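Everything below concerns the one structure shown next.
This one's a predicted model, so the numbers in the text were calculated from it and none came from an experiment. To find a chain, count down the sequence lines: A is the first, B the second, and so on, and within it residues start at 1.
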Protein chains: 2
Amino acid sequence: MSDSLADFLPYRLSRLSEAVSAEIRPIYKAMHGLNRPEWRVLAALADLGSCTATEAAAHSAQHKTKVSRAVYALESRRWLKRETDPRDRRSEILTLTAAGRAAYDSLITPLRSRAMSLVSTLDPGDAEALVRGLAALEAALDLAAEAPAGVTDRATSR
Amino acid sequence: MSDSLADFLPYRLSRLSEAVSAEIRPIYKAMHGLNRPEWRVLAALADLGSCTATEAAAHSAQHKTKVSRAVYALESRRWLKRETDPRDRRSEILTLTAAGRAAYDSLITPLRSRAMSLVSTLDPGDAEALVRGLAALEAALDLAAEAPAGVTDRATSR
DNA sequence: AATTGATCGTCACAAACGCAACCAAATACG
DNA sequence: CGTATTTGGTTGCGTTTGTGACGATCAATT
């Protein structure tokens with residue numbers, strides 16, 4: 001085993017996370033002046049359909065106050081609307097407006113292509129290894145691997 | 001589809017980084033009351049030998065003001081000393097004191113073992129995949145996770 | 001020698017962060 | 001029922017962060 005900090009897992013993850021994030025932040029920042037929490041909530045909403053703030057927080061793995069402020073910001077842009085859930089009047093059901101959806105669509109394409117251009121430089125075997133390794137680590141850390149594409153399993157929870 | 005990695009890579013890395021970081025932060029926080037930037041600068045210094053603040057920032061992937069404040073904090077503890085570089089009097093050469101080195105040594109062991117205990121819960125194949133995937137991604141991002149002593153390049157930052 | 005432009009590190013200031021306290025609605029419990 | 005506890009979401013406030021400007025220094029050009 002080497003002593004170099006370079007193989008220290010937390011350190012490497014932190015660096016990678018920042019580097020990857022720095023690759024894509026300019027896109028949503030320049031295109032719409034969004035910050036990271038806002039972009040993440042927007043994406044969570046686009047992914048989940050409609051959901052409550054708590055669900056958006058869970059899905060985007062962000063602190064509830066961050067989500068609260070991001071929701072307010074997105075609402076001010078009229079990118080989402082909130083209606084109180086008739087079944088539980090504490091919670092609010094968040095839904096993207098047409099403008100919000102359009103903004104998401106305008107962003108997801110360049111974002112995806114930037115990310116793709118990154119990933120596509122990887123050797124296919126390396127990419128596969130990455131997927132496997134990340135998934136394993138998520139499992140080890142009990143990070144619900146949060147079914148990515150679309151389907152919300154939360155339909156039952158209300 | 002292979003899009004899914006690209007779609008969620010930033011998100012997954014960010015989550016993982018936060019989760020892993022949360023696993024180890026209590027250690028350096030409880031043992032010495034360090035915060036993250038301070039710990040990272042300490043580690044960078046221990047890893048690099050002596051270096052300038054800019055090099056420490058590059059190595060630890062942190063904003064220069066963060067590093068500036070961390071250096072000040074570590075200096076106040078007498079864990080490092082700074083001397084102006086005679087060759088370039090704008091920059092300061094940072095070096096750990098004996099106390100700083102001792103603090104690092106007292107921390108790195110429990111930190112490493114915590115990180116190890118995390119990794120060791122992984123299936124060996126998964127762990128190997130993780131290492132391979134991370135290395136490939138680092139290479140793709142030009143984050144040369146490379147060697148000690150002769151730090152020269154890093155020409156690309158900023 | 002003087003000008004220009006880039007770089008090192010710091011500081012003031014504004015924005016972002018997250019804890020804790022909070023309100024309001026729902027639920028649990030006696 | 002009445003009361004205590006829990007949960008969804010917001011806000012106040014101290015702390016941390018990053019931006020932009022700055023003085024100082026170096027290198028290149030003239």
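Listed by first and then second residue, the salt bridge (Lys or Arg N to Asp or Glu O under 4.0 Å) pairs involving residues 98-107 of chain B amount to none (not counting sequence neighbours).
In this structure, B/Tyr72 atom OH and C/dC11 atom C1' are separated by 13 Å, rounded to whole Å. Following rounding to the nearest Å, A/His63 (NE2) and D/dT16 (C1') show an atom-to-atom distance of 15 Å. The distance between atom CD of B/Glu92 and atom P of C/dT7, rounded to the nearest whole Å, is 19 Å. Put simply, CD on A/Glu83 is 19 Å from P on D/dG8, counting in whole angstrom units. Atom pair B/Lys66:NZ and C/dT10:P shows a separation of 16 Å (rounding to whole Å applied). The separation between B/Glu38 atom CD and D/dT17 atom P is 9 Å, rounded to whole Å. Rounded to whole Å, the distance from CZ on A/Arg40 to P on C/dC17 is 10 Å. Distance CD (A/Glu55) to C1' (D/dT7): 13 Å, rounded to an integer number of Å.
Projected onto DNA chain C by closest heavy-atom contact, A/Lys64 and A/Arg36 fall at different nucleotides, the more 5' of which corresponds to A/Arg36.
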Report each atom pair, protein N/O against N/O of nucleotides 23-27 of chain C, whose distance is under 3.5 angstrom.
unit_1: C/dA26; atom_1: OP1; unit_2: A/Arg89; atom_2: N; d: 3.0

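Dashed line: the shortest gap from a side-chain N or O of B/Thr52 to OP1 or OP2 of C/dC8 is not under 4.0 Å. Contact annotation: B/Thr65 side-chain N/O to D/dG18 OP1/OP2 distance is not under 4.0 Å.
For A/Glu128, the CD atom sits in a loose shell: 12 or fewer heavy atoms of surrounding residues, nucleotides or ligands are nearer than 6.0 Å.
One donor-acceptor pair, N or O on each side, does fall under 3.5 Å between the base of D/dG12 and the side chain of A/Arg69.
Each of A/Leu96 and A/Tyr72 belongs to its own hydrophobic cluster when Ile, Leu, Val, Met, Phe, Trp and Tyr are linked at side-chain heavy-atom distances under 4.5 angstrom.
Side chains of A/Ser14 and B/Arg40: a donor on one and an acceptor on the other come within 3.5 Å.
Both the sub-6.0 Å distance and the 45° axial angle are not jointly satisfied by A/Arg36 relative to the ring of A/Trp39.
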From CA spacing to verdict: salt bridge (Lys or Arg N to Asp or Glu O under 4.0 Å), A/Arg132, B/Asp123
CA-CA 11 Å; A/Arg132 178 177 174 184; B/Asp123 171 278; 3.7 Å; yes
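Aromatic pair B/His32/B/Tyr104: ring centres not closer than 6.0 Å.
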